[in-house]
Amino acid sequence: MTHAEPRRSAQQSIMFESCIEDLHRLLPGRVSTAMAVRMHHGTDVSFHKPFPPDAVVFPHTTEEVAGVAALCAGYQVPMIPFGTGTSCEGHIAALQGGVCIDLSEMRGILRVSPEDLDVTVQAGVTRKQLNEHLRDTGLFFPIDPGADASLGGMASTRASGTNAVRYGTMRENVLGLTVVLADGRIIRTGGRARKSAAGYDLTRLFVGSEGTLGIITEVTLRLYGIPETVSAAVCPFPTLSGAVDTAIAVIQSQIPVARMELLDAVQMRATNLYSKLDHTEQPTLFFEFHGTEAGVAEQVGQVRAIAAEAGGTDFRWASKPEERSRLWQARHDAWWAALALRPGAKGWPTDVCVPISRLAECIEETSRDIADNRLIAPVLGHVGDGNFHLCFVLDPDDADEMRRVRGVNGRMISRAIAMGGTCTGEHGIGYGKIDELREEHGDAVQVMAAVKQALDPKGLMNPGKLFGPTS
Ligand SMILES: Cc1cc2nc3c(=O)[nH]c(=O)nc-3n(C[C@H](O)[C@H](O)[C@H](O)COP(=O)(O)OP(=O)(O)OC[C@H]3O[C@@H](n4cnc5c(N)ncnc54)[C@H](O)[C@@H]3O)c2cc1C
């Protein structure tokens, strides 16, 4: 895919070049201007157009990040923080060029406190790396967006995923942050106390800010005990409404399932083909139960009874760890499986989230719209949270198809917002959902922009995201 070059005055070009020369002096051997590296850092997993930064830097410490930010601020050069680049709405695209600050070499686990159930890590640590490190402590960090994303990136997108129905999202699990501001100042937000009434909650402000307010360099997180018993199952249903109604009834009965994921029939076909499985190709719920042996048995009995009423009687169990991993790997590979349905196509993963009582209606109307518009868009989702995804498998060069895709996506979002929901439960805004953020929040977006103006008056932090080209 081709990329767009930002337009610049001669004066601006000189400032960018001088900035990069100074960065070479600040981080010798850790600044890249190679086109392949720049393209990698400006391209996400979706169909969104890539925009490479002018340079990519690889700092190791908060102080080095502060040095980079101070230089960029001095030369008025944009900064785009980067974790692992798995975000979906063009978040990492360097729309105006600038310096990508890749945190992936900041992989230190700074402190683990088993007695307080918390940990502090550098922002480039990935969730799998953290759980590997924690294994012998009997603790784990549950938030799992599928991709092996960085914890700084997960905090910045307010990520969630399959376990959120039981353990919450990054919003509930980040206790504190170290952040480098746009001018190079270093601040600490929150702390290790489980509660605090001390001033504005800046931690919540930076969680979900998508790199538009500052660069997160350290994250303090809650941990949980590894459950005594873990059990997983899949159960197909004769109808989509049977599967969704089961999910709703499980939540309304307050059964503490750890994961409850819906895959529609199209996604099940894709998953069977891609992951070489032989599941029934019907709408299916994937479950995971955590607890004591007796607690898990009780949850399983309750869920079985609810599912049976909706025609879901054929539970397939995976109790050995390797069987469970295979099952969840197949679920996590759903995106790649969907893309494989149409070789050469691009993907657009989009998500909405609604109050659980409106979930069936929202999914069913959206599924009808997909069929009426003759699109390939498997439905899957973290239905326990009222959150579901479409993965449009599309040809971005086909104008008629793109018009139909945008129509279905727009109607799904308007439907979700009208139901009291949101235009994105977990993927975020990037530059792909700017209009939808306005549709959802109206004048409140101006308040968000005022916060941005206060913290980043020169508009250098990940410009063009959340608010559009002028930010
Ligand atoms: C197959 C697949 C499945 C996915 N499933 C889910 C899912 O179930 N749930 C979910 O929530 N997401 C999901 N995602 C999206 C993605 O994994 C998350 O958005 C993830 O949190 C991004 O983390 P990252 O490290 O890749 O961040 P990046 O993509 O590198 O960055 C994301 C944004 O955060 C900013 N950023 C990154 N690091 C920092 C930092 N240290 N400080 C400040 N800003 C920063 C960037 O500028 C950018 O705006 C999925 C993605 C894929 C490819």
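Counting convention: from 1, in listed order, for ligands and their atoms alike.
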Enumerated ligand 1 atoms positioned under 4.0 Å from heavy atoms of Gly161: 8 (O), 9 (N)

Polar contact flag, side-chain donor to acceptor under 3.5 angstrom, Asn272-Glu281: yes

Side-chain donor-acceptor contact under 3.5 Å, Thr350 with Asn409: yes

Presence of salt bridge, Glu261 and Arg331, under 4.0 angstrom: yes

Glu218, Glu426, Glu261, Met106: member with heavy atom nearest to atom 7 (C) of ligand 1: Glu426

Any side-chain donor near an acceptor of the partner, Asp351 and Thr424, under 3.5 Å: yes

Atom 2 (C) of ligand 1: any protein heavy atom closer than 4.0 Å: no

Ligand 1-proximal atoms of Leu103, by part, heavy-atom distance under 4.0 Å: side chain

Residues that Asp395 engages under side chain to side chain contact (heavy atoms under 4.5 Å, CB included), provided they are two or more places apart: Arg342, Asp397, Asp398, Glu401

Of the listed options Ala94, Ala147, Ser160, closest to atom 11 (O) of ligand 1 (non-hydrogen atoms): Ser160

Asn462 N/O under 3.5 Å from ligand 1 N/O: yes

Met154: numbered ligand 1 atoms lying under 4.0 Å from its heavy atoms: 21 (O), 23 (O)

His427 contact mode with ligand 1 (heavy-atom cut-off under 4.0 Å): side chain

Whether Gln453 side chain and Ala449 backbone form a donor-acceptor pair below 3.5 Å: no

Minimum-distance protein heavy atom relative to atom 17 (O) of ligand 1: Thr86 OG1, 2.8 Å

Carboxylate-amine/guanidinium contact Glu323 Arg326, below 4.0 Å: no

Nearest non-hydrogen protein atom, atom 48 (C) of ligand 1: His91 CB, 3.5 Å

Check: Arg171 main-chain N/O paired with Thr169 side-chain donor or acceptor under 3.5 Å: yes

Per-residue contact class, Pro145 against ligand 1 - non-hydrogen pairs under 4.0 Å: both

Basic-acidic side-chain contact under 4.0 Å: Arg192, Asp118: yes

Heteroatom proximity flag, Phe82 to ligand 1, N/O under 3.5 Å: no

Audit row: Leu339, Tyr274, side chain to side chain contact (heavy atoms under 4.5 Å, CB included) steps and yes/no: CA-CA 10 Å; Leu339 284 181; Tyr274 185 84; over 6 Å; no

Check ion pair Asp144-Arg259 (N to O, under 4.0 angstrom): yes

Any His382 heavy atom less than 4.0 Å from ligand 1: yes

Heavy-atom nearest neighbour in the protein, as seen from atom 32 (C) of ligand 1, with distance rounded to 0.1 Å: Ser87 OG, 3.4 Å

Selected option - heavy-atom contact closest to atom 39 (C) of ligand 1, from Ala159, Gly425, Ser156, Ala164: Ser156

Nitrogen or oxygen atoms of Glu210 and ligand 1 under 3.5 Å apart: yes

Ala155 near ligand 1 by a heavy-atom separation under 4.0 Å: no

Numbered atoms and elements of ligand 1 in range of Trp335, under 4.0 angstrom, heavy atoms: 1 (C)

Exam field: side chain Arg358 to backbone Ala416, donor-acceptor pair closer than 3.5 Å: no

Among Arg38, Gln96, Arg8, side-chain hydrogen bond (donor to acceptor under 3.5 Å, both in side chains) partner for Asp54: Arg8

Ligand-residue contact atoms, ligand 1 with Ala123, heavy atoms, under 4.0 Å: 41 (N)

Side chain to side chain donor-acceptor pair (under 3.5 Å) partners of Glu132, counting only residues at least two apart: Arg135

Protein heavy-atom partner closest to atom 28 (P) of ligand 1 - residue, atom, separation in Å: Gly85 N, 3.5 Å

Nearest neighbour in protein (non-hydrogen) for atom 37 (C) of ligand 1: Gly153 CA, 3.6 Å

Note: Asp148-Lys128 ion pair, threshold 4.0 Å (strictly below): no

Any Gly146 heavy atom less than 4.0 Å from ligand 1: no

Backbone or side-chain N or O of Thr157 under 3.5 Å from ligand 1 N or O: yes

Atom indices of ligand 1, in the order listed, that fall short of 4.0 Å to a heavy atom of Gly214: 43 (C)

Taking atom 47 (O) of ligand 1 as the reference point, the nearest protein heavy atom with its distance: Pro81 O, 2.6 Å

Option of least heavy-atom distance to atom 23 (O) of ligand 1 (set: Ala149, Ser46, Gly124): Ala149

Nearest neighbour in protein (non-hydrogen) for atom 25 (O) of ligand 1: Ser150 OG, 2.7 Å

Ligand 1 N/O within reach of Ile216 N/O, cut-off under 3.5 Å: yes

Short side-chain donor-acceptor distance under 3.5 Å, His290 and Tyr224: no

Nitrogen or oxygen atoms of Thr84 and ligand 1 under 3.5 Å apart: yes

Note: Glu426-Arg158 ion pair, threshold 4.0 Å (strictly below): no

Gly83, any N or O under 3.5 Å of ligand 1 N or O: yes

